[in-house]
Amino acid sequence: MSHPLRLSKLIDWQSVLSEIDSVVEPCRGQGRVADYIPALAAIDPMKFGLAVALGDGNVHTLGDADEAFSIQSISKVFTLSMGLRKVGELLWKSVGREPSGSPFNSIVQLELERGIPRNPLINAGAIVVTDHLVEQQGADAMIAELIDRMRTLADDPSINVDQAVAHSESEAGSRNRALAYFMKSFGNLRNPVEETLKAYFSHCAIAMNCRQLARAALFLAYDGTDPVSGIQMVSSEACRRINAVMMSCGHYDNSGDFAYRIGLPGKSGVGGGILAVAPGHGTIAVWSPGLNAAGTSEVGSLALETLIQQTGWSVFV
Ligand code: GLU
């Protein structure tokens with residue numbers, strides 16, 4: 001069944017974007033740039049970009065929307081989509097779908113819950129999803145397929161993995177290795193840890209700009225099918241589920257606050273990006289490198305909050 005296009009008021013994008021600009025401008029640079037991945041520490045905290053992709057293929061942008069950044073955990077939404085398409089319901093035997101209430105790289109729950117991560121959007125859960133995909137096709141082919149999809153959806157062949165960021169994360173990857181070995185000890189990792197982590201670090205290191213990201217994720221706002229190309233990424237049922245998981249788990253121990261303030265399924269990454277999905281309306285990608293304590297872009301959240309006030313796009317209306 002196709003998604004009933006939500007009746008939305010005609011939006012004057014120029015005035016919405018100029019309102020966001022005036023709210024964000026005095027706050028630029030707020031938050032703390034992630035430095036536990038050394039390659040991310042050097043990013044200019046004053047950067048700010050935003051893109052809104054609409055069902056008719058139009059993209060409205062603001063600021064540094066054409067400058068690539070490290071999408072980091074936003075990639076977990078795309079690997080979950082791939083996982084649900086290729087592995088299906090079986091995936092939920094290895095990973096849960098409850099909010100964790102814990103930091104993105106927490107290990108404490110894993111022991112109590114016998115190596116089954118709370119959800120696919122925390123590091124441990126995303127490593128398990130990646131592991132399933134690596135089992136099917138190997139790390140290199142999995143990443144090649146993912147990049148190919150992103151390029152097709154964004155209609156932009158320039159999208160790629162930033163190898164310097166992937167290398168930097170791998171060098172500093174003790175915590176993710178600990179999570180992976182821990183899950184392996186419980187029998188919840190199918191491949192050698194290094195093979196799975198090679199793929200995980202690579203997809204976290206994909207570099208995209210706001211325009212490409214908003215465009216590539218548009219299928220999530222339209223029942224799993226990209227409204228411009230007609231490519232079905234996931235079934236409409238899987239699409240509803242991905243959005244539900246994003247709403248409840250997309251920002252780690254900051255997910256409740258994000259739902260309260262913004263009211264859209266979303267996913268943040270420590271590169272300072274946030275992807276938000278407004279079902280039936282469009283997608284928004286925002287980038288500002290300074291993070292709050294939970295690892296969500298501080299100014300990015302403020303921009304989204306302003307956009308919601310201006311457009312009425314919250315799913316709670
Ligand atoms: N690649 C990062 C990590 O594994 C992702 C964290 C994030 O973006 O929230 O630590």
Side-chain angles (χ1 to χ4, degrees), residues 32 34-37 72-84 86-136 139 142 169-170 172-201 203-204 238 240-260 265-270 274 291-296:
R32 198 163 162 247
D35 56 7
Y36 76 100
I37 300 173
Q72 290 296 318
S73 280
I74 300 172
S75 64
K76 296 171 182 172
V77 171
F78 294 92
T79 51
L80 175 60
S81 303
M82 232 169 130
L84 287 175
K86 299 184 130 205
V87 183
E89 289 295 300
L90 216 72
L91 205 59
W92 300 118
K93 286 202 182 311
S94 342
V95 61
R97 43 181 189 255
E98 290 294 346
S100 67
S102 303
F104 63 96
N105 56 3
S106 169
I107 202 163
V108 287
Q109 271 166 354
L110 264 186
E111 175 153 37
L112 292 172
E113 298 175 2
R114 307 202 55 76
I116 310 287
R118 272 287 172 100
N119 68 67
L121 300 183
I122 52 174
N123 286 11
I127 290 170
V128 164
V129 172
T130 299
D131 182 62
H132 272 283
L133 294 167
V134 168
E135 185 186 28
Q136 286 197 353
M142 179 232 157
E169 184 170 355
S170 180
S174 303
R175 176 67 75 110
N176 283 325
R177 282 193 179 83
L179 292 170
Y181 277 110
F182 205 61
M183 292 189 288
K184 192 148 185 89
S185 77
F186 281 106
N188 196 20
L189 211 80
R190 286 131 212 94
N191 305 285
V193 163
E194 287 303 326
E195 177 78 354
T196 295
L197 286 184
K198 181 180 166 197
Y200 173 79
F201 293 143
H203 68 67
C204 287
R240 274 200 304 280
R241 292 181 166 169
I242 295 163
N243 280 316
V245 174
M246 287 173 77
M247 179 67 98
S248 53
C249 314
H251 311 274
Y252 314 115
D253 44 344
N254 187 219
S255 300
D257 186 58
F258 190 88
Y260 179 87
K267 181 74 202 90
S268 56
V270 293
I274 307 177
L291 310 176
N292 67 14
T296 301

So [Y] and [X], do their side chains get closer than 4.5 Å, heavy atoms only?
{"X": "Phe201", "Y": "Lys198", "answer": "no"}
{"X": "Ile37", "Y": "Gln72", "answer": "yes"}
{"X": "His251", "Y": "Ile274", "answer": "yes"}
{"X": "Val134", "Y": "Thr130", "answer": "yes"}
{"X": "Lys76", "Y": "Val129", "answer": "no"}
{"X": "Glu169", "Y": "Asn176", "answer": "yes"}

Where is the tightest heavy-atom contact between [X] and [Y], given as atom of each residue plus distance?
{"X": "Ala34", "Y": "Leu291", "answer": "CB-CD1, 3.8 Å"}
{"X": "Ser73", "Y": "Ser268", "answer": "CB-O, 3.4 Å"}
{"X": "Ala180", "Y": "Ile127", "answer": "CB-CG2, 4.3 Å"}
{"X": "Pro120", "Y": "Gly96", "answer": "CD-O, 3.5 Å"}
{"X": "Lys184", "Y": "Arg190", "answer": "NZ-C, 4.2 Å"}
{"X": "Ser94", "Y": "Val128", "answer": "CB-CG1, 3.5 Å"}

Should Lys267 and Ser255 be marked as a side-chain contact (heavy atoms from CB on, under 4.5 Å) after you check the CA-CA gap, both sets of side-chain angles, and the distance that decides it? CA-CA 9 Å; Lys267 181 74 202 90; Ser255 300; over 6 Å; no
Ignoring hydrogens and angles, tell me if any N or O in the side chain of Glu135 forms a donor-acceptor pair with the backbone of Asn191 under 3.5 Å. no
Could you check whether any side-chain N or O of Thr296 sits under 3.5 Å from a backbone N or O of Asn292, counting only pairs where one atom can act as donor and the other as acceptor? no
Around atom CD of Gln136, are there more than 12 heavy atoms of other residues, nucleotides or ligands at under 6.0 Å? yes
Does CZ in Arg114 sit with more than 12 non-hydrogen atoms of other residues, nucleotides or ligands closer than 6.0 Å? no
Between Arg175 and Ser106, do the side chains contain a donor N or O and an acceptor N or O under 3.5 Å apart? no
Could you work out, with side-chain contact (heavy atoms from CB on, under 4.5 Å) as the rule, every residue matching Arg97, not counting sequence neighbours? Trp92, Val245
Can you sort out the partners of Arg118 under side-chain contact (heavy atoms from CB on, under 4.5 Å), two or more places apart, ordered by chain and number? Glu98, Ser100, Gln109, Glu113, Ile122
Rounded to the nearest 0.5 Å, what separates atom [atom1] in [X] from atom [atom2] in [Y]?
{"X": "Glu194", "Y": "Leu197", "atom1": "CD", "atom2": "CG", "result": "6.0 Å"}
{"X": "Lys93", "Y": "Asn188", "atom1": "NZ", "atom2": "CG", "result": "12.0 Å"}
{"X": "Phe186", "Y": "Ile116", "atom1": "CZ", "atom2": "CD1", "result": "9.0 Å"}
{"X": "Leu90", "Y": "Leu84", "atom1": "CG", "atom2": "CG", "result": "11.5 Å"}
{"X": "Leu189", "Y": "Tyr181", "atom1": "CG", "atom2": "OH", "result": "10.0 Å"}
{"X": "Met183", "Y": "Ile107", "atom1": "CE", "atom2": "CD1", "result": "9.0 Å"}

Could you walk me through whether Asn123 and Asn105 pass the side-chain hydrogen bond (donor to acceptor under 3.5 Å, both in side chains) check? CA-CA 6 Å; Asn123 286 11; Asn105 56 3; 5.9 Å; no
Residues forming a ring-ring contact (aromatic ring centres under 6.0 Å, His included) with Tyr36, sequence neighbours excluded: Phe104
Inspect the contact between Glu89 and Arg241 and indicate whether a charged nitrogen and a carboxylate oxygen are less than 4.0 angstrom apart. yes
